[in-house]
Novice: 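I have a structure here, written as structure tokens, and I will follow up with some questions on it.
Keep in mind it's a predicted model, so treat the numbers as computed, not measured.
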2 protein chains.
Amino acid sequence: MLTIGTLSKKTGTKVQTIRYYEQIGVMNEPGRSAGGQRRYFEKDLDRLAFIRHSRQLGFSLESIRELLDLSDNPSRSCADADVIARRQLTQVERRIKGLQALKKELKRMVTECEGNSVAECKIIEVLRDHSECLTEHQNIDVELA
Amino acid sequence: MLTIGTLSKKTGTKVQTIRYYEQIGVMNEPGRSAGGQRRYFEKDLDRLAFIRHSRQLGFSLESIRELLDLSDNPSRSCADADVIARRQLTQVERRIKGLQALKKELKRMVTECEGNSVAECKIIEVLRDHSECLTEHQNIDVELA
DNA sequence: TCTTGAACCTCTAGGTACTGTAGCTTGTAT
DNA sequence: ATACAAGCTACAGTACCTAGAGGTTCAAGA
């Protein structure tokens with residue numbers, strides 16, 4: 001039996017966040033001790049790890065909900081899974097593309113900055129310059145669903 | 001003289017978002033027409049472009065405020081800006097790494113999923129696996145200040 | 001067994017960065 | 001002169017947490 005604190009430490013998730021996940025229904029309601037404290041099983045730890053890792057990769061909680069639904073129903077037809085996976089793949093590819101452009105710029109920023117004052121520093125210019133951006137004003141922020 | 005709509009179109013920023021930026025003080029209060037509509041100069045467009053681009057690169061508005069302050073005082077040390085950029089770069093690289101692992105699995109899932117159930121898919125495992133993560137449970141979300 | 005203190009509980013509010021809606025006014029083109 | 005797109009304010013709502021108040025439970029040491 002695991003406490004919420006153990007889950008917190010093992011996944012690097014704040015205790016409040018775990019309770020929040022329960023509240024919005026991405027984490028299952030756990031059992032309680034005699035005194036009313038949450039008691040978890042390993043499977044809950046797994047689920048939380050899954051959620052956190054997905055969040056770190058930029059999935060929205062809505063997308064995570066979808067993926068969890070997939071894993072909660074392993075007998076669901078492969079076609080369903082395929083549709084979801086394809087959609088996620090497209091988004092993931094788009095995100096990688098955006099992040100790589102970003103990385104290039106950041107690298108340029110840190111390598112070009114050799115002056116002592118901002119006057120000689122390219123960082124501000126780079127951030128003002130949109131030439132490295134894609135033509136479209138696409139938001140590279142996460143929105144997968 | 002530019003209208004808010006022009007700024008919106010030229011930078012791909014929602015009109016409300018521009019007004020929000022003004023409200024929180026990252027955009028300067030512009031002049032107004034006789035009827036009270038906002039009227040901007042080129043310098044405002046530049047500033048907004050800077051803000052949007054920085055946001056797209058994952059900087060928090062707080063960091064952007066910092067950078068704007070930096071560019072408003074060009075005699076300040078470049079090291080400050082460099083630190084911010086370096087921090088971003090590390091996070092971005094980590095994120096790309098995680099996403100590439102995920103992409104690989106999603107691709108595999110899409111192309112190889114010939115079974116009838118999700119039980120044979122590895123995607124859930126991939127998302128549960130933190131091996132690609134650094135040891136620390138650092139939040140990769142943007143928080144530079 | 002008693003006590004202490006860390007860890008837990010609920011509830012509420014706040015934070016960031018927007019986004020949307022209602023209801024109205026302004027500007028411009030015909 | 002009129003239509004209507006685009007502007008205005010004000011406020012509510014969203015996603016995803018995070019912090020604090022004020023109280024309770026649990027486990028370990030005296």
Side-chain angles (χ1 to χ4, degrees), chain A residues 1-27 29-40 44 48 50-68 91 137-145, chain B residues 1-27 29-40 44 48 50-68 95 137-145:
Chain A
M1 286 304 226
L2 309 162
T3 63
I4 198 167
T6 309
L7 257 71
S8 170
K9 264 165 227 148
K10 289 207 176 184
T11 62
T13 313
K14 294 238 160 71
V15 165
Q16 299 103 298
T17 306
I18 299 171
R19 291 198 280 246
Y20 166 73
Y21 286 161
E22 183 188 324
Q23 195 186 298
I24 62 162
V26 292
M27 282 295 282
E29 279 185 30
R32 299 283 180 137
S33 70
Q37 297 191 356
R38 287 168 180 82
R39 292 292 178 267
Y40 296 95
D44 299 305
L48 181 57
F50 174 93
I51 294 166
R52 288 313 284 177
H53 198 206
S54 304
R55 284 292 300 131
Q56 279 169 5
L57 292 178
F59 287 90
S60 69
L61 281 174
E62 213 23 65
S63 298
I64 292 166
R65 214 189 288 269
E66 209 172 74
L67 288 163
L68 281 167
Q91 304 300 335
H137 282 300
Q138 288 175 293
N139 201 339
I140 63 154
D141 282 355
V142 187
E143 40 121 282
L144 297 159
Chain B
M1 286 305 226
L2 310 163
T3 64
I4 198 166
T6 309
L7 257 70
S8 170
K9 263 166 228 148
K10 289 208 176 185
T11 62
T13 313
K14 293 236 160 73
V15 165
Q16 299 103 300
T17 305
I18 299 172
R19 291 198 280 246
Y20 166 74
Y21 286 161
E22 183 187 324
Q23 195 187 298
I24 62 162
V26 292
M27 283 296 281
E29 279 184 31
R32 298 283 180 139
S33 71
Q37 297 192 355
R38 288 168 179 81
R39 292 293 179 267
Y40 295 95
D44 299 306
L48 181 58
F50 175 91
I51 295 165
R52 288 313 283 177
H53 199 204
S54 303
R55 284 293 299 130
Q56 279 169 7
L57 291 177
F59 290 91
S60 70
L61 280 174
E62 210 26 64
S63 297
I64 292 165
R65 213 190 289 270
E66 218 170 71
L67 287 164
L68 282 166
R95 218 155 172 166
H137 282 301
Q138 289 172 296
N139 199 338
I140 63 153
D141 283 352
V142 187
E143 41 119 287
L144 297 158

Novice: Out of R55(A), E62(A), R65(A), which residue meets the side chain to side chain contact (heavy atoms under 4.5 Å, CB included) rule with V26(A)?
Specialist: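 When side chain to side chain contact (heavy atoms under 4.5 Å, CB included) is applied between V26(A) and each of R55(A), E62(A), R65(A), only R65(A) qualifies.
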
Novice: Any sub-3.5 Å donor-acceptor pair from T13(A)'s side-chain atoms to S8(A)'s backbone N or O?
Specialist: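 No, because the side chain of T13(A) does not come within donor-acceptor range (under 3.5 Å) of the backbone of S8(A).
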
Novice: For L2(B) and dA6(D), give me the distance from atom CG to atom C1', rounded to whole Å.
Specialist: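 Between C1' of dA6(D) and CG of L2(B): 15 Å.
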
Novice: Without decimals, in angstroms, what is the distance between K10(A) NZ and dA7(C) P?
Specialist: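 Value for this atom pair: 16 Å.
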
Novice: Give the rounded distance in Å between these two atoms: CD of E22(A) and P of dT10(C).
Specialist: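 Atom CD in E22(A) sits about 8 Å away from atom P in dT10(C).
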
Novice: Taking only the side-chain nitrogens and oxygens of R19(A), find out if one of them lies under 4.0 Å from OP1 or OP2 of dT12(C).
Specialist: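 Indeed not, no polar side-chain atom of R19(A) lies that close.
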
Novice: Nearest-Å distance, CZ (R55(A)) to C1' (dC16(D))?
Specialist: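 In whole Å, dC16(D) C1' lies 6 Å from R55(A) CZ.
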
Novice: Rounding to an integer number of Å, can you tell me how far M1(B) CE sits from dG7(D) P?
Specialist: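 Computing the M1(B):CE to dG7(D):P distance gives 15 Å.
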
Novice: May I have the distance from R39(A) (atom CZ) to dA7(C) (atom P), rounded to whole angstrom?
Specialist: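 Whole-Å distance recorded here is 13 Å.
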
Novice: Look at the side chain of Q16(B) and decide which nucleotide, out of dG20(C), dC9(C), dA17(C), has an atom nearest to it.
Specialist: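 Among dG20(C), dC9(C), dA17(C), the one nearest the side chain of Q16(B) is dG20(C).
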
Novice: If each of G36(B) and Y20(A) is mapped to the nucleotide of DNA chain D with the nearest heavy atom, which maps nearer the 5' terminus, i.e. the 5' end?
Specialist: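 Its nucleotide being nearer the 5' end, the pick is G36(B).
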
Novice: Between T17(A) and dT18(D), is there a side-chain N or O to OP1/OP2 distance below 4.0 Å?
Specialist: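 Indeed, a polar side-chain atom of T17(A) lies that close.
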
Novice: May I have the distance from Q23(B) (atom CD) to dA17(C) (atom P), rounded to whole angstrom?
Specialist: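 Checked: the CD to P distance equals 13 Å.
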
Novice: Starting at OH of Y40(B) and ending at P of dA6(D), how long is that distance when rounded to a whole Å?
Specialist: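 Distance check: Y40(B) OH to dA6(D) P gives 16 Å.
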
Novice: Within the structure, does a side-chain N or O atom of Y21(B) lie under 4.0 Å from either OP1 or OP2 of dA17(C)?
Specialist: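 For dA17(C), neither OP1 nor OP2 has a side-chain N or O of Y21(B) closer than 4.0 Å.
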
Novice: Measure from the side-chain heavy atoms of Q37(A) and tell me the nearest of dC16(D), dT19(C), dC26(D).
Specialist: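 My answer, after comparing the listed nucleotides, is dC26(D).
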
Novice: Is there side-chain contact between I64(B) and Y21(B), with at least one heavy-atom pair below 4.5 Å?
Specialist: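 No, every pair of side-chain atoms sits at 4.5 Å or beyond.
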
Novice: Taking side chain as C-beta onward, heavy atoms only, is I4(A) less than 4.5 Å from R19(A)?
Specialist: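 With C-beta onward as the side chain, the pair touches.
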
Novice: Out of dC16(D), dT25(D), dG7(D), which has the shortest distance to the side chain of L61(A)?
Specialist: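 Closest nucleotide to the L61(A) side chain: dC16(D).
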
Novice: Counting C-beta onward and ignoring hydrogens, is there a side-chain heavy-atom pair between R39(B) and R32(B) closer than 4.5 Å?
Specialist: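 No, their side chains stay 4.5 Å or more apart.
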
Novice: Verify the contact: side-chain N or O of R38(B) to OP1 or OP2 of dC8(D), cut-off strictly under 4.0 Å; return yes or no.
Specialist: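 Yes, within the criterion.
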
Novice: dA7(C), dA17(C), dA19(D): which one has an atom nearest the side-chain heavy atoms of K14(A)?
Specialist: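 In terms of side-chain proximity for K14(A), the closest of dA7(C), dA17(C), dA19(D) is dA19(D).
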
Novice: Using only side-chain N and O atoms of T3(A), determine if any of them is under 4.0 Å from OP1 or OP2 of dC8(C).
Specialist: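 Yes, within the criterion.
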
Novice: From the set dG7(D), dC17(D), dT9(D), return the single nucleotide nearest to any side-chain atom of R32(B).
Specialist: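 It is dT9(D).
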
Novice: Does the side chain of L48(B) reach to within under 4.5 Å of the side chain of K10(B), using non-hydrogen atoms?
Specialist: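 No; the side chains remain at least 4.5 Å from each other.
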
Novice: When we call it a touch if two heavy atoms are under 4.0 Å apart, what does I4(A) touch: a base, just sugar-phosphate, or nothing?
Specialist: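 Sugar-phosphate: the residue I4(A), judged by heavy atoms under 4.0 Å, touches backbone atoms but no base.
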
Novice: For dT26(C), take OP1 and OP2 only and decide whether either is under 4.0 Å from a side-chain N or O of S33(B).
Specialist: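 S33(B) to dT26(C) OP1/OP2: no side-chain N or O under 4.0 Å.
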
Novice: Would you kindly compare G35(B) and T6(A) by the position of their nearest DNA chain C nucleotide and give the one closer to the 5′ end?
Specialist: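 In this pair, the answer is T6(A).
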
